Amino acid sequence: MSTRTFKFPAKAKTALYLITGTGTATGLALNVSNPNSLSLSHDSFFGSSNLPEKIRTVFHGVLRSSRAISTIACTVVDYKYSLHGLPVDSDEYLRKLNEVHLRSAKRMLKLCEANKGFYVKAGQFVAAMRQVPKEYSSTLSSLQDQAVPCHFKAIKQVLISNLGQDLSEIFLSFDEQPIAAASIAQVHRGILKDHQEVAVKVQYPGLEHQMKLDTSTMSFISKYIAWLFPDYRFEWLVTEFVETISSELDFIQEAKNSERTARNFKNNDFAKVPRVFWEFTTSRVLTMDFCRGHKVDDVEFLKEMGINPTKVAKALVEVFAEMIFIHGFLHGDPHPGNILVSPEGRNGFTLVLLDHGIYKQLDEGFRLDYCELWEALILLDPNKIQQLGERFGVGKYAKYFPLIFTGRTIDSKSTLGRGMSSEEKKNLKQELKFLKMEDISSFMESLPPDFFRILRTDGLLRSVISKLGASQRVRLLAYAKYALYGLSPKLNPQSDSTVKVLSSRFKTDVSYIRLRLVLDVLELLSWMEKVRHFLWTLPKRFVAACNLKRCLGASSVV
């Protein structure tokens with residue numbers, strides 16, 4: 001999603017601010033200030049127009065595969081020889097490893113930029129994962145802003161073949177220039193015959209053939225790496241990516257996800273989902289309400305409209321906490337382009353949720369276990385965390401759950417959301433020196449599939465919350481609250497008695513208040529300990545200051 005100033009051709013006299021979504025993992029990646037400046041080529045899908053589509057797709061696929069294999073081979077050699085002979089627990093090894101990570105990440109970025117299409121999406125997918133080295137996530141994050149729109153001639157053919165009519169028979173007007181473009185689709189603004197303003201998302205031609213070739217290449221490369229380096233196993237990452245991208249290509253499923261989400265939040269004043277126009281929706285074309293708003297992390301806009309960014313962060317994380325802990329039906333791509341803030345609604349603003357292609361239906365048993373995990377993480381109950389780790393199949397690696405989700409070690413004494421002490425950081429650094437790539441591969445392979453989508457979603461939410469200037473404590477407390485609600489029995493307000501519904505809510509509210517009190521008491525004790533330490537060391541500081549003053553006085557006399 002994005003907010004762009006788009007001036008129509010000469011026949012139009014006014015400028016419109018148009019905002020919509022692309023239904024891809026990238027959201028909007030196109031800066032449109034002048035439609036005449038748009039590049040209307042799409043290298044991933046169009047070469048010589050004289051060649052049949054399938055032949056062009058195969059040709060470009062072979063070219064992209066060759067680039068990918070040569071890049072990965074170069075990277076493998078770099079890792080192999082740069083780290084050869086260095087003790088794994090040495091500082092030199094860590095320094096060299098960071099250097100190789102950075103070089104390799106830059107190679108991957110160039111590969112994604114050259115190959116475009118699904119490689120860009122794969123790079124975005126990796127960048128959103130907190131489990132990869134920071135050199136990769138930070139370098140590949142620039143891919144979020146890359147997309148080249150497809151020529152309208154090809155887009156028009158997709159529209160006509162899918163809708164079965166000429167555009168003039170469906171629309172009063174249809175803008176040929178896209179208002180948004182991403183790696184698998186682009187969005188156009190149209191006005192239906194009944195004057196309804198709509199956003200029409202159109203999938204690029206040739207994607208299915210390209211996806212099969214590209215994902216097969218990625219799978220081959222991951223197996224090749226695992227064969228050369230048994231400790232470096234990334235097949236779990238490729239499998240998750242293929243599952244994600246496959247679901248994105250089916251716009252019918254995306255429309256169903258959209259409607260289900262709208263039903264889940266029908267009583268929520270903060271969340272809004274655009275309506276789907278089914279008569280103009282197919283597996284490759286999706287027609288929705290045209291929504292106006294600004295990206296959720298556009299702090300300047302929020303301040304101009306008098307909207308508190310922290311309140312937006314709180315509303316955002318509560319919406320997604322409700323998805324995870326209560327509905328068990330999770331939007332898997334909450335990057336800023338897929339969430340708009342509209343300055344409308346009873347609370348002063350509304351969050352418009354777009355791009356419903358990537359969703360995860362959580363297993364009910366997993367959802368309940370995950371609720372329990374968060375209760376244990378907030379209270380830092382090591383026994384419960386270890387017990388749940390056994391259920392999740394990660395065994396000894398469960399001790400890293402607090403670090404991954406809350407930024408604390410499992411034996412931390414720091415208060416929630418305050419980070420680790422210097423001593424804890426020092427001990428953790430020492431411990432991680434002995435953590436091998438084999439350990440990381442084993443941990444990721446052991447996690448239930450539902451965990452991957454949650455980890456990715458959580459990483460994206462953290463990034464947005466940080467941009468809004470809100471404390472991560474906002475996220476942690478929201479997760480704690482909804483985890484407790486998720487553990488309470490599911491009731492149906494229509495069939496269950498009012499007394500039963502109110503009683504259940506009251507019990508959950510009391511549990512949450514009790515949890516907040518525990519956290520507040522722990523924070524108070526931590527503050528008191530700091531005060532006690534300050535008072536204890538105050539006399540020593542006073543004596544040291546006096547000695548320093550005397551020394552300075554003596555030196556000035558001399």
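Residue indices begin at 1 and follow the sequence shown. Worth saying up front: this structure is predicted, and the values here are computed from it rather than measured.
Minimum heavy-atom separation, Cys291 to Leu340: O-CD1, 4.1 Å. Nearest approach of His188 to Phe174, heavy atoms of both residues: CB-CZ, 3.4 Å. Of all non-hydrogen atoms in Leu143 and Cys112, the two that sit nearest each other are CD1-CB, 3.8 Å. Heavy-atom minimum distance, Ala255 versus Val276: CB-CG1, 3.9 Å. Across every non-hydrogen atom of Val464 and Pro334, the tightest pair is CG2-O, 4.0 Å. Between Ile252 and Ser283, the shortest heavy-atom distance links the atoms CG1-N, 3.6 Å.
Side-chain contact between Tyr204 and Ile155 is present, with at least one heavy-atom pair separated by less than 4.5 Å. Side-chain contact between Lys481 and Glu318 is present, with heavy atoms from C-beta onward closer than 4.5 Å. Side-chain contact between Val394 and Phe401 is present, with heavy atoms from C-beta onward closer than 4.5 Å. For the pair Asn115 and Val120, the minimum side-chain heavy-atom distance is 4.5 Å or more. Looking at heavy atoms from C-beta onward, Cys371 lies out of side-chain contact with Tyr482 at the 4.5 angstrom threshold. Side chains of Pro178 and Val187 form no contact here, defined as non-hydrogen atoms less than 4.5 Å apart. Under the 4.5 Å side-chain criterion, counting only non-hydrogen atoms from C-beta, Gln203 is in contact with Phe251.
A 6.0 Å sphere centred on NZ of Lys360 holds more than 12 heavy atoms belonging to other residues, nucleotides or ligands. In this structure, Glu279 places its CD atom where more than 12 heavy-atom neighbours from other residues, nucleotides or ligands lie under 6.0 Å away.
Here the rule is side-chain contact (heavy atoms from CB on, under 4.5 Å) with His327, and of Thr261, Leu362, Asn264 only Asn264 fits it. For the pairing with Leu468, the side-chain contact (heavy atoms from CB on, under 4.5 Å) check across Asp298, Leu302, Val317 returns one residue only, Leu302. For the ring pair (Phe, Tyr, Trp, His ring centres under 6.0 Å) with Phe366, the qualifying choice from Phe452, Phe392, Phe325 is Phe392, the only one to do so. Considering Leu461, Leu353, Val474 as possible partners of Leu316, the one that fulfils the side-chain contact (heavy atoms from CB on, under 4.5 Å) test is Leu461. Under the side-chain contact (heavy atoms from CB on, under 4.5 Å) rule, Phe277 has a single partner from Val200, Thr287, Leu286, which is Thr287.
Gln361 places a side-chain N or O within donor-acceptor distance of the main-chain N or O of Gly328, the cut-off being under 3.5 Å. Checked by atom type and distance alone, the side chain of Ser488 pairs as donor or acceptor with a backbone atom of Tyr485 at under 3.5 Å. Panel note: side chain Ser141, backbone Ser138; a donor-acceptor pair is recorded below 3.5 Å. Distance alone, capped at 3.5 Å, is enough to place a donor-acceptor pair between the Asp194 side chain and the Gln196 backbone. Of the possible polar contacts, one joining the Thr139 side chain to the Glu135 backbone as a donor-acceptor pair under 3.5 Å is found. A donor-acceptor contact shorter than 3.5 Å links the side chain of Gln186 to the backbone of Cys150. Between the side chain of Asn257 and the backbone N or O of His356, at least one donor-acceptor pair lies under 3.5 Å. At distances below 3.5 Å, not a single donor-acceptor pair connects side-chain atoms of Asp363 with backbone N or O atoms of Asp450. With hydrogens and angles ignored, the 3.5 Å screen pairs a side-chain donor or acceptor of Thr350 with a backbone N or O of Glu344. In this structure a side-chain-to-backbone donor-acceptor pair under 3.5 Å is missing from Asn162 to Thr282.
For the atom pair CZ (Phe329) and CZ (Arg263), the distance works out to 9.0 Å, reported to the nearest 0.5 Å. Note: Leu167 CG to Ile170 CD1 = 6.5 Å, rounded to the nearest 0.5 Å. Expressed to the nearest 0.5 Å, how far CG of Asp269 lies from CG of Leu351 amounts to 11.5 Å.
Residues Arg475 and Asp458 are paired through a salt bridge, judged by an N-O separation under 4.0 Å between the basic side chain and the carboxylate. By the 4.0 Å N-to-carboxylate-O rule, Glu254 lies close enough to Lys201 to be salt-bridged with it. The pair Lys110-Glu113 does not meet the salt-bridge criterion, since no charged nitrogen lies less than 4.0 angstrom from a carboxylate oxygen. A salt bridge links Arg456 to Asp333: one of the charged nitrogens lies within less than 4.0 Å of a carboxylate oxygen.
Checked by atom type, the side-chain pair Asn98/His101 shows no donor-acceptor distance below 3.5 Å.
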inquiry  = Show, in sequence, the C-alpha distance, side-chain angles and deciding distance for Phe451 and Tyr370, and conclude whether the side-chain contact (heavy atoms from CB on, under 4.5 Å) test is met.
reply    = CA-CA 9 Å; Phe451 237 113; Tyr370 193 69; 4.0 Å; yes

Salt bridge (charged side-chain N to carboxylate O under 4.0 Å, His left out) between Glu197 and Arg292, intermediate numbers included: CA-CA 11 Å; Glu197 190 177 20; Arg292 285 174 166 79; 2.8 Å; yes

- Could you give me the CA-CA distance, side-chain angles and deciding distance for Glu364 and Arg367, then say whether salt bridge (charged side-chain N to carboxylate O under 4.0 Å, His left out) is met? CA-CA 5 Å; Glu364 182 61 11; Arg367 183 188 69 81; 2.7 Å; yes

task = For the pair Ile465 and Gln472, evaluate side-chain contact (heavy atoms from CB on, under 4.5 Å) and give the outcome as yes or no after the intermediate values.
result = CA-CA 7 Å; Ile465 292 169; Gln472 288 298 326; 3.9 Å; yes

Take Val341 and Lys295 through the test side-chain contact (heavy atoms from CB on, under 4.5 Å) and record every step on the way to the result. CA-CA 6 Å; Val341 177; Lys295 290 170 64 174; over 6 Å; no

Open item on the list: Run Leu159 and Val285 through side-chain contact (heavy atoms from CB on, under 4.5 Å) and show every step you take.
Closed with: CA-CA 7 Å; Leu159 286 166; Val285 175; 3.9 Å; yes

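Separation of the Phe265 and Phe270 ring centroids does not fall under the 6.0 Å cut-off. With ring centers used as reference points, Tyr479 lies 6.0 Å or more from Phe405.
Note: Phe171 and Phe280 have tilted aromatic rings, judged against thresholds of 30 and 60 degrees for the angle between ring planes.
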